[in-house]
Chemist: 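I have a structure here, written as structure tokens, and I will follow up with some questions on it.
In each ligand, atom 1 is the first atom listed, and ligand 1 is the first ligand listed.
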Amino acid sequence: MSDPVLPFDKLVLASGNAGKLAELQAMLGSSVEVLPQSQFIKEEAEETGSSFVENALIKARHAARASGLPALADDSGLAVDALDGAPGIHSARYAFGGDAANNVKLIDELRGVEDGKRTARFICVLALLRHADDPTPIICEGVWEGRILLEPRGTNGFGYDPLFWVPEAGKASAELTAAEKNSMSHRARAMQLLRERLGLR
Ligand SMILES: O=c1nc[nH]c2c1ncn2[C@H]1C[C@H](O)[C@@H](COP(=O)(O)OP(=O)(O)OP(=O)(O)O)O1
Ligand SMILES: [Mg+2]
């Protein structure tokens with residue numbers, strides 16, 4: 001059974017990524033008071049896990065421990081078929097130089113790969129801990145299928161959005177409005193599952 005009501009009225013968002021924070025905040029709306037982890041944390045958690053789930057739990061636990069509040073973390077990334085699923089859990093540190101360098105590296109790595117073989121997906125795992133030692137965290141995953149473009153398109157969003165072609169929209173992810181992206185993204189799908197688990201509408 002899912003919880004009938006939210007068992008808390010405040011939540012720490014365990015992310016240092018401004019793009020993610022904006023999207024998660026927009027999706028959570030006013031259902032709960034959301035505090036950024038920067039209010040409680042000096043050093044971000046080290047993402048030492050070997051899966052999205054492990055890293056999401058590490059980040060949520062770190063924020064819950066520091067704040068004494070329930071914490072929601074997002075571990076996400078891009079899995080490219082022609083690269084055997086890379087950059088995957090290493091998406092943020094792919095080129096060790098931030099979003100722009102990551103995008104340049106992805107274009108380079110896929111040079112010469114034909115259109116039909118440029119399939120990829122964004123993956124998002126949300127982990128909610130009611131407190132740092134919560135033995136039954138809520139874990140929700142969302143996936144968004146697309147293709148990697150030859151050149152960047154659009155200026156919205158963050159991360160790999162300019163290189164991610166969204167077939168269902170006929171646009172790059174960075175050409176979608178925030179509302180459009182938040183209605184169909186991997187993060188939106190994971191959040192929808194979380195809302196259902198929490199008994200929210
Ligand atoms: O909707 C998205 N649109 C574009 N790119 C995206 C998206 N979602 C994840 N991504 C990329 C960004 C980053 O390269 C990696 C996430 O890495 P990830 O460690 O989960 O996040 P992060 O280090 O940026 O912030 P934090 O760990 O503090 O939440 O995947
Ligand atoms: Mg990270």
Chemist: Is it the case that the side chains of Asp81 and Thr119 hold a donor-acceptor pair, with the cut-off being a distance below 3.5 Å and no angle test?
Modeler: yes
Chemist: Under 3.5 Å, is there a donor-acceptor pair between the side chain of Lys20 and the main chain of Ser15?
Modeler: no
Chemist: So, for Pro167 and Gly146, which heavy atoms are closest and what is the spacing to 0.1 Å?
Modeler: CD-CA, 3.8 Å
Chemist: Exactly one of Lys171, Arg147, Met184, Glu175 should register a side-chain contact (heavy atoms from CB on, under 4.5 Å) with Val166. Which one does?
Modeler: Met184
Chemist: Which pair of heavy atoms, one from Leu126 and one from Arg187, lies closest together, and at what distance?
Modeler: CD1-O, 4.5 Å
Chemist: Listing by chain and number, which residues have a heavy atom under 4.0 Å from ligand 1?
Modeler: Ser15, Gly16, Asn17, Lys20, Glu44, Glu47, Lys59, Asp74, Asp75, Ser76, Gly77, Ser91, Ala92, Phe122, Phe158, Gly159, Tyr160, Asp161, Lys181, His186, Arg187
Chemist: For the Mg ion (ligand 2), decide whether Glu44 has an N, O or S atom at a distance under 2.8 Å.
Modeler: no
Chemist: Between Lys105 and Asp108 (salt bridge meaning N to carboxylate O under 4.0 Å), is one present in this structure?
Modeler: no
Chemist: Checking one value in my table: which N/O/S atom of Glu47 lies closest to the Mg ion (ligand 2)?
Modeler: OE2
Chemist: Which word best sums up how the rings of His186 and Trp144 line up, parallel for under 30°, tilted for 30 to 60°, or perpendicular for over 60°?
Modeler: parallel
